[in-house]
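Here the structure comes first, spelled out in structure tokens, and everything after it is commentary.
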Amino acid sequence: MIEVGYDYPLYRPPSEANSAIFQVTLGCSFNKCSFCNMYRTKEYSERPWEEIKTEVDIISKSYPQTDKVFLADGDALNLSTERLIQILMYVKEKFPNLKRISCYAMPKNLLQKSSDELTLLNREGLNMLYVGIETGHDVLLKKITKGATSKSIIEGCNRAKKSGFIISCMIILGIGGKKYSVEHMKETARVVSEVSPNFLAALTLILEDGVYDEFMQKFGEPFEHLDDSSILDELEILVNGITPASSIVFRANHASNVYSVGGNLPEDKEKMILLIRRLKQHPELLKPKVLRRF
Ligand code: SF4
């Protein structure tokens, strides 16, 4: 990661490890998902143009060969289309070798923009969006206060895809606890199939201290955490249930996961299911709990 004077904490997707990161917004404009501790210490704000421009100038002088840029923090897509285009145009001008500009986006951000605006942003160089789906189950989306429904997730993501974006989605294993486990996965597989994102990452729920009580309170009923075997059951239902319209690069290799599983869906479905079943029979192969983090 190429550094300037960041306002911490700073988050970026694992695949942006070598990108230049510009904080065009600070925090998350929603900041209410009950499982998410990322920006609880920050109030959402939009950085002034002059500050962004200065940081682009500094980084472009030091790292003129930069080919990937990530716009932080939690939902840069919340910026007005005009401001985003101003940023995209300047970034493209200063980094002539640029191959990709990306940011996080919520379904709400996607639906706030018209298809024409999204197409324009895509043409101006914003080509990849990371969207947290978490679950496709409407009961759970309410319980985790995601601020989205399965319908808005599908609509938002499909609008972005039609506008030319590469979409990378995240879901969270274990977020429904024992009671909602099967429905969580069936509904998530349904939503993922309807969206058919280019990339899909499965993380595993680990509640940090800062949000533990809030998560439990908002859940509204006793929450029973899943053990490793049940997490693998969820993974199997998910992989088995996804029937995408186009190929999805699937990864469950996040630091929170019990084991790294990955492949293309639907092509590698059988291979992944065999691996998951083998892992269930050999718990000694799973990642030790101390090495897992969200
Ligand atoms: S999960 Fe995303 S949308 Fe929800 S509070 Fe965290 S950063 Fe914001």
Side-chain angles (χ1 to χ4, degrees), residues 6-16 19 21-47 70-79 84 102-113 126 128-157 159-160 165 167-176 184 188 191-192 195 197 199-219 223 254-257 293-294:
Y6 289 121
D7 184 314
Y8 288 99
L10 175 72
Y11 296 93
R12 48 116 186 116
S15 48
E16 301 293 338
S19 304
I21 300 181
F22 297 107
Q23 284 177 301
V24 297
T25 58
L26 298 180
C28 163
S29 70
F30 184 62
N31 217 12
K32 291 192 192 88
C33 301
S34 65
F35 58 89
C36 172
N37 201 27
M38 286 162 70
Y39 304 110
R40 293 304 173 104
T41 55
K42 293 185 184 184
E43 196 158 322
Y44 175 77
S45 64
E46 301 180 351
R47 303 268 317 282
F70 179 74
L71 304 177
D73 274 342
D75 61 332
L77 200 68
N78 194 53
L79 286 175
L84 277 168
S102 60
C103 69
Y104 286 127
M106 292 179 244
K108 172 173 87 77
N109 304 138
L110 294 168
L111 294 174
Q112 272 166 359
K113 303 249 184 260
L126 182 63
M128 183 158 176
L129 299 173
Y130 295 92
V131 186
I133 289 180
E134 334 304 358
T135 176
H137 190 18
D138 282 307
V139 172
L140 283 179
L141 283 164
K142 237 185 198 165
K143 283 179 174 291
I144 63 172
T145 52
K146 180 66 198 169
T149 61
S150 60
K151 188 166 176 269
S152 70
I153 291 169
I154 293 167
E155 271 177 24
C157 289
R159 185 184 287 186
F165 284 94
I167 298 281
S168 181
C169 290
M170 284 83 73
I171 68 100
I172 303 179
L173 301 170
I175 204 161
H184 166 35
T188 302
V191 169
V192 168
V195 170
F199 299 91
L200 178 70
L203 286 61
T204 303
L205 182 73
I206 295 177
L207 290 171
E208 293 180 30
D209 290 348
V211 289
Y212 189 91
D213 290 344
E214 181 184 324
F215 179 89
M216 293 301 166
Q217 186 251 319
K218 285 182 169 171
F219 202 77
F223 180 89
H254 186 257
S256 61
N257 292 121
R293 64 194 157 72
F294 200 57

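As the structure lists them, so they are numbered: ligands from 1, and atoms in each ligand from 1. Keep in mind that what you see is a predicted model, and the values were worked out from it rather than measured.
Distances under 2.8 Å from atom 4 (Fe) of ligand 1 pick out the protein N/O/S atoms C33 SG.
You'll find the side chain of L200 reaches within 4.5 Å of the side chain of I171, heavy atoms only. In this structure, the side chains of S168 and V131 stay at 4.5 Å or more apart for every pair of heavy atoms.
The aromatic rings of F219 and F215 lie parallel to each other, with less than 30° between the two planes, well short of the 60° mark.
Note: Y44 and Y39 fail the aromatic proximity criterion, with ring centroids not under 6.0 Å apart.
Distance alone, capped at 3.5 Å, places no donor-acceptor pair between the H137 side chain and the S150 backbone.
Those atoms of ligand 1 that come under 4.0 Å of a heavy atom in Y39, given as number and element, are 7 (S).
Put simply, the residue from F22, Y104, Y11 that forms a ring-ring contact (aromatic ring centres under 6.0 Å, His included) with F70 is Y104.
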